[in-house]
Amino acid sequence: MQEEAVEMAVGMGLPKMMARVLIGLWLSEDGRLTAAELSRGLNVSPASISMAVGYLTQQGLIRRERDPQRRHDIYVVDDDACTTRR
């Protein structure tokens, strides 16, 4: 199912790595993952994740939150993206 969703996002114009990160977040348990979790889950380099989240954040599809306890950035699917980016 995940690969089909990625291919659909790519078909709609999203670059493949960005699509993999976005779909990975959407399909995660609570829609929130750290860069390390994304990197491990997608089996890609941290640099690839960094580039992808930068692009997705700029497009307004995800947002970055700070976890003050662990001092990590957490990437979150932006719920407003589905309604505001049509």
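Quick note: residue numbers are just sequence positions, from 1.
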Who passes side-chain hydrogen bond (donor to acceptor under 3.5 Å, both in side chains) against Thr57, sequence neighbours left out?
none
Taking only residues two or more places apart in sequence or in another chain, which ones pass side-chain hydrogen bond (donor to acceptor under 3.5 Å, both in side chains) with Ser48?
Ser45
Asn43, CG: over 12 other non-hydrogen atoms inside 6.0 angstrom
no
Under 4.5 Å between side-chain heavy atoms, counting indirect links through other Ile/Leu/Val/Met/Phe/Trp/Tyr residues: same cluster for [X] and [Y] or not?
{"X": "Met18", "Y": "Leu27", "result": "yes"}
{"X": "Met51", "Y": "Leu56", "result": "yes"}
{"X": "Trp26", "Y": "Leu33", "result": "yes"}
{"X": "Tyr55", "Y": "Met8", "result": "no"}

Under the salt bridge (charged side-chain N to carboxylate O under 4.0 Å, His left out) test, which residues partner Arg71, sequence neighbours left out?
none
Just jot down the salt bridge (charged side-chain N to carboxylate O under 4.0 Å, His left out) partners of Glu65, sequence neighbours excluded, or say none.
Arg32, Arg63
Please step through side chain to side chain contact (heavy atoms under 4.5 Å, CB included) for the pair Leu61 and Val77, ending with a clear verdict.
CA-CA 6 Å; Leu61 296 171; Val77 174; over 6 Å; no
If you look only at pairs with a residue in residues 2-21, which of them pass as a salt bridge (Lys or Arg N to Asp or Glu O under 4.0 Å), with sequence neighbours excluded?
Glu7-Lys16
Indicate yes or no: at least one non-hydrogen side-chain atom of [X] is less than 4.5 angstrom from one of [Y].
{"X": "Asp73", "Y": "Asp67", "value": "no"}
{"X": "Leu38", "Y": "Leu25", "value": "yes"}
{"X": "Leu42", "Y": "Gln2", "value": "yes"}

Going from CD1 on Ile74 to OG1 on Thr34, what distance comes out if it is rounded to the nearest 0.5 angstrom?
7.5 Å
For the atom pair CD1 (Ile62) and CZ (Arg64), what is the distance rounded to the nearest 0.5 Å?
7.5 Å
Ala52 versus Val21, closest heavy-atom pair with distance:
CB-CG2, 3.6 Å
By side chain to side chain contact (heavy atoms under 4.5 Å, CB included) - contacts of Ala35 (at least two apart)
Ile49, Tyr75
